[in-house]
A.B. asks: 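One structure is given below, represented as structure tokens, and several questions about it will come after.
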Protein chains: 2
Amino acid sequence: MSELSYFPGALNREDYAQKIAVLFSEHLEKNGLRLTTPRRKILNYLLKADRHLNQEEIYKSLRPQGIGRATVFRTIKMLEDSNLLSRISGISGPPKFEVHFERPHHDHLVCISCGSIQEIQWPKIEKIQEKACRKIGFEVKWHRHEIFGFCPQCAKRQKRT
Amino acid sequence: MSELSYFPGALNREDYAQKIAVLFSEHLEKNGLRLTTPRRKILNYLLKADRHLNQEEIYKSLRPQGIGRATVFRTIKMLEDSNLLSRISGISGPPKFEVHFERPHHDHLVCISCGSIQEIQWPKIEKIQEKACRKIGFEVKWHRHEIFGFCPQCAKRQKRT
DNA sequence: ATCGTTGCAAACGGTTTGCAATTCG
DNA sequence: CGAATTGCAAACCGTTTGCAACGAT
């Protein structure tokens with residue numbers, strides 16, 4: 001994730017992290033909730049992670065600091081509600097998460113052999129999709145587009161054997 | 001589903017059902033498995049359903065005939081393995097299933113208000129996708145493309161309130 | 001006789017919930 | 001003080017598995 005470019009001329013990573021934190025606290029406040037220490041820690045951990053994380057990984061890393069599993073789940077849910085975190089369901093196993101940095105929307109290429117997840121941007125597809133849905137009166141809120149197959153490395157290995 | 005057109009000049013629904021059954025039994029035979037009565041019943045139930053079904057619905061309908069839950073799960077898995085059944089994960093709750101009738105590949109519009117699932121075909125998107133993946137060496141096996149939002153009816157209701 | 005298949009019940013794994021103690025405003 | 005929040009443990013729910021009985025060659 002880190003090596004991916006953000007919007008041209010846009011905020012740098014730290015500024016984004018800052019912005020996300022603000023957006024989260026605003027969302028919480030709006031709903032009569034509080035930005036507490038555990039919640040802040042979970043968000044920070046997600047923000048500085050350079051990859052997709054699952055609940056277990058977050059929990060294990062933050063457990064030494066006394067954070068419980070339920071809080072991880074609850075915070076993830078709040079972040080999703082506030083539209084700052086997106087969920088990626090792989091081929092199997094628990095879903096992974098990534099913070100919505102403000103960069104172009106991207107979809108995922110999931111390798112069914114090694115499990116790696118690569119990101120891909122498809123502005124063209126987004127447009128077609130949006131247009132077609134508007135035509136039939138369907139109001140798009142978000143979408144999930146996951147391509148399953150073999151990543152370049154695994155595709156090669158597949159052919160060798 | 002029923003009102004959707006199949007390939008122009010293609011087989012009618014009953015012939016398709018027949019064909020799927022044959023494909024399934026071939027798949028089973030190839031793997032040293034048998035097309036038993038419970039398996040046939042589950043497939044038939046899926047074939048004559050005009051909508052996406054989840055495991056529970058299949059089980060409940062077939063339970064009176066003595067079919068157990070495990071068999072439903074096991075048969076669903078076999079049908080997926082044989083590429084005759086596809087899984088649709090909605091916004092929440094258990095996944096739903098539909099038989100792969102031999103019609104153009106379609107994606108799904110899932111209404112986050114009423115839960116309805118509408119189908120949509122995007123030959124253009126498929127092409128772009130295929131091309132882009134080939135370029136980066138990713139070998140596509142299948143994909144999941146689900147769009148979440150408000151269906152026409154719910155979008156209207158949303159605006160009224 | 002053999003080997004796949006079945007339903008059952010128990011186990012499983014990820015997630016949610018009830019609750020008493022705690023924290024924060 | 002009062003309301004939101006916490007960690008814990010138990011409950012939950014969809015799914016998988018071990019198993020003894022069964023079924024089909």
Side-chain angles (χ1 to χ4, degrees), chain A residues 21 24-46 52-82 85-97 115, chain B residues 21 24-46 52-82 85-98 115 144:
Chain A
F24 187 39
S25 104
E26 282 174 2
H27 166 85
L28 292 174
E29 194 163 358
K30 209 184 313 174
N31 291 77
L33 306 169
R34 297 167 189 166
L35 182 46
T36 61
T37 309
R39 287 175 190 169
R40 200 188 309 272
K41 278 182 181 168
I42 291 167
L43 177 55
N44 279 340
Y45 188 72
L46 279 160
H52 306 94
L53 299 170
N54 63 35
Q55 170 276 137
E56 184 68 19
E57 292 169 314
I58 303 170
Y59 171 68
K60 277 218 182 103
S61 307
L62 265 27
R63 180 78 275 257
Q65 300 181 45
I67 289 175
R69 199 171 243 117
T71 302
V72 174
F73 275 107
R74 288 190 275 233
T75 305
I76 285 175
K77 183 160 286 175
M78 287 174 200
L79 284 164
E80 286 190 276
D81 287 347
S82 60
L85 194 68
S86 59
R87 173 185 299 246
I88 305 135
S89 309
I91 162 71
S92 75
K96 300 185 166 197
F97 300 91
Chain B
F24 187 39
S25 103
E26 283 174 2
H27 165 84
L28 292 174
E29 194 163 357
K30 209 184 315 174
N31 292 77
L33 306 168
R34 295 168 189 164
L35 182 46
T36 62
T37 310
R39 287 173 191 171
R40 200 188 308 272
K41 278 181 180 168
I42 292 168
L43 176 56
N44 279 340
Y45 188 71
L46 279 160
H52 305 93
L53 299 170
N54 63 36
Q55 170 275 138
E56 184 67 19
E57 294 170 312
I58 302 169
Y59 171 68
K60 277 218 182 104
S61 307
L62 264 27
R63 178 79 276 255
Q65 298 180 48
I67 289 176
R69 199 170 243 118
T71 303
V72 174
F73 276 107
R74 289 189 275 233
T75 306
I76 285 176
K77 183 159 285 175
M78 286 174 200
L79 284 163
E80 286 190 277
D81 286 347
S82 60
L85 193 68
S86 59
R87 173 185 298 248
I88 305 134
S89 308
I91 161 71
S92 73
K96 300 184 166 197
F97 300 90
E98 66 172 350
R144 168 157 66 191

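Numbers restart at 1 for each chain; the letters A, B, ... are given by sequence-line order, proteins then strands.
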A.B. asks: Whole angstroms only, please: what is the CG-C1' distance between A:L28 and D:dA4?
C.D. replies: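 Result: 11 Å.
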A.B. asks: Among all residues two or more places apart in sequence or in another chain, which pass the side-chain hydrogen bond (donor to acceptor under 3.5 Å, both in side chains) test with A:E56?
C.D. replies: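 side-chain hydrogen bond (donor to acceptor under 3.5 Å, both in side chains) check on A:E56 returns A:R69.
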A.B. asks: For the residue pair B:T75 and B:I67, establish whether any side-chain heavy-atom pair is separated by less than 4.5 Å.
C.D. replies: no
A.B. asks: side-chain hydrogen bond (donor to acceptor under 3.5 Å, both in side chains): which pairs involve residues 25-42 of chain A, sequence neighbours left out?
C.D. replies: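 Every side-chain hydrogen bond (donor to acceptor under 3.5 Å, both in side chains) pair that includes a residue of residues 25-42 of chain A, provided the two are not neighbours, is A:K41-A:Q65.
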A.B. asks: Does A:R63 have any salt bridge (Lys or Arg N to Asp or Glu O under 4.0 Å) partners at least two apart in sequence or in another chain, and if so, which?
C.D. replies: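 Per chain and number, A:R63 pairs via salt bridge (Lys or Arg N to Asp or Glu O under 4.0 Å) with no residue.
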A.B. asks: A:K41 has an atom NZ; how far is it from atom C1' of D:dT5, in whole Å?
C.D. replies: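 Taking NZ of A:K41 and C1' of D:dT5, I get 14 Å after rounding.
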A.B. asks: Kindly indicate whether the side chain of B:V72, heavy atoms from C-beta on, has any atom under 4.5 Å from the side chain of B:I42.
C.D. replies: yes
A.B. asks: Apply side-chain hydrogen bond (donor to acceptor under 3.5 Å, both in side chains) to A:Y45 and list each qualifying residue two or more places apart in sequence or on a separate chain.
C.D. replies: A:S61
A.B. asks: Using only side-chain N and O atoms of A:T36, determine if any of them is under 4.0 Å from OP1 or OP2 of C:dT23.
C.D. replies: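 No, no such contact exists.
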A.B. asks: Below the 4.0 Å mark, does C:dG4 have OP1 or OP2 next to a side-chain nitrogen or oxygen of B:R39?
C.D. replies: no
A.B. asks: Report the distance from atom CD of A:E29 to atom P of C:dC24, rounded to the nearest whole Å.
C.D. replies: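 To the nearest whole Å, that distance equals 17 Å.
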A.B. asks: Could you tell me the separation between the CG atom of A:L62 and the C1' atom of D:dT5, rounded to a whole number of Å?
C.D. replies: 16 Å
A.B. asks: With the sugar-phosphate defined as primed atoms, P, OP1 and OP2, and the base as all remaining atoms, what B/S/- string results for nucleotides 8-25 of chain D, 5' to 3', for protein heavy atoms under 4.0 Å?
C.D. replies: B------BBBB----B--
